[in-house]
Amino acid sequence: MVDQDLPGGPRLIVGVDESPASRWALAWAIGVARLHRMALVAVHVSRAPVHPFPEALPVQHAVRQGEEARCAEVVAGVFDDVAGGVPDDLNVAMLARVGDPGYHLVDLAGEGDLLVLGRGRRGLISRMFLPSTSMYCARHARTTVVIVRQPTPPDDAPLSGDRARRFFGRRH
């Protein structure tokens, strides 16, 4: 299991998952943690459906432990992708949770902390059936929330002001 003792003082808490937006958020968080010498807490929350009291059902306890182990692999994999592993020059803690991501992230972030989340592009179906974790955190957090947007790929670059005026100003 990944849970470690959380560092004291102001912390930079970053939500991590397997999305490209999450990787951008982690990269931004690593840079800010270095700049301000803050402890970095990387959290992955799995939405796997498990019983709220796993001790009551031995099978559910095993499922929860397995899901938390998978969460640990996700966090380690994202650190490998973004920074080539966990940075040695930072005080880093990694947490794995099972449940609602927004709830757990807001619960972890206290006053004086900085909560960092990635926000990517989502399709209509995803927006209809999965609530936005970043919007939940922005509404309910007791601390500052930074939402790092996934950059637009070069192929989907928006029209610049001059190009847009030329394109939309033409008579078709």
Side-chain angles (χ1 to χ4, degrees), residues 1-56 60-120 122 130-151:
M1 188 156 74
V2 176
D3 283 359
Q4 302 169 349
D5 291 330
L6 291 177
R11 302 168 300 184
L12 203 150
I13 298 171
V14 60
V16 175
D17 62 16
E18 296 162 320
S19 69
S22 173
R23 285 167 168 69
W24 284 98
L26 180 61
W28 187 88
I30 289 171
V32 170
R34 283 182 174 142
L35 184 66
H36 296 286
R37 301 182 197 281
M38 294 176 75
L40 179 66
V41 179
V43 183
H44 178 72
V45 183
S46 172
R47 292 183 189 263
V50 294
H51 194 278
F53 302 104
E55 299 79 23
Q60 284 293 322
H61 185 67
V63 169
R64 180 180 220 106
Q65 285 183 328
E67 194 58 30
E68 287 177 349
R70 192 190 73 76
C71 290
E73 293 172 7
V74 169
V75 173
V78 173
F79 266 109
D80 286 342
D81 289 350
V82 170
V86 178
D88 294 333
D89 59 334
L90 292 177
N91 181 8
V92 177
M94 296 185 280
L95 298 176
R97 297 283 191 262
V98 177
D100 178 47
Y103 171 79
H104 283 289
L105 291 168
V106 167
D107 186 51
L108 284 169
E111 286 190 37
D113 292 340
L114 186 63
L115 179 58
V116 181
L117 302 162
R119 182 173 176 129
R122 296 174 20 162
L130 281 177
S132 171
T133 301
S134 58
M135 290 294 97
Y136 178 90
C137 292
R139 288 186 189 118
H140 296 94
R142 303 174 307 269
T143 188
T144 303
V145 178
V146 176
I147 299 173
V148 178
R149 295 207 61 181
Q150 176 182 344

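Given the structure is predicted, the values throughout are model-derived calculations rather than measurements.
M38 CE to I13 CD1: the interatomic distance, rounded to the nearest 0.5 Å, is 9.0 Å. Atom OG of S132 is separated from atom CZ of R139 by 7.5 Å, given to the nearest 0.5 angstrom. Note that CH2 of W28 and CG of L12 are 6.5 Å apart. Values are rounded to the nearest 0.5 Å. Expressed to the nearest 0.5 Å, how far OG1 of T133 lies from CD1 of I147 amounts to 10.5 Å.
Nearest heavy atom pair, residue A138 against residue V145, reads CA-CG2, 4.3 Å. L117 and C137 get closest at one heavy-atom pair: CD1-CB, 3.5 Å. What you find for V45 and G99 is that their closest heavy atoms are CG1-O, 3.6 Å. The heavy-atom pair separating S22 from V16 by the smallest distance is OG-CA, 3.2 Å.
For R23, the salt bridge (Lys or Arg N to Asp or Glu O under 4.0 Å) partners at least two apart in sequence or on another chain are D81. Every residue was checked against the side chain to side chain contact (heavy atoms under 4.5 Å, CB included) condition with R37, not counting sequence neighbours, and none meets it. Partners of D80 under the side chain to side chain contact (heavy atoms under 4.5 Å, CB included) rule, at least two apart in sequence or in another chain, do not exist in this structure. By the side chain to side chain contact (heavy atoms under 4.5 Å, CB included) test, A21 is found to be paired with S19, Q150, residues two or more places apart in sequence or in another chain being considered.
The salt bridge (Lys or Arg N to Asp or Glu O under 4.0 Å) pairs that include a residue from residues 109-119 are R11-D113, where partners are two or more places apart or lie in different chains.
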Side-chain donor-acceptor pairs of residues 84-94 under 3.5 Å, sequence neighbours excluded:
unit_1 : atom_1 : unit_2 : atom_2 : d
D89    : OD1    : R34    : NE     : 3.4
D89    : OD1    : R34    : NH2    : 3.3
D89    : OD2    : R34    : NE     : 2.8

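Environment of CZ in R70: crowded, with over 12 heavy atoms of neighbouring residues, nucleotides or ligands closer than 6.0 Å. The number of heavy-atom neighbours closer than 6.0 Å to OH of Y103, taken from other residues, nucleotides and ligands shown, is 12 or below.
Here the side chain of H36 pairs no donor or acceptor atom with the backbone of V32 at under 3.5 angstrom. Between the H44 side chain and the A72 main chain, no donor and acceptor come within less than 3.5 Å of each other.
The side-chain heavy atoms of P10 and L114, taken from C-beta on, include no pair separated by under 4.5 Å.
Tested against V14, the residues L115, I30, L26, V78 include a single side chain to side chain contact (heavy atoms under 4.5 Å, CB included) partner, L26.
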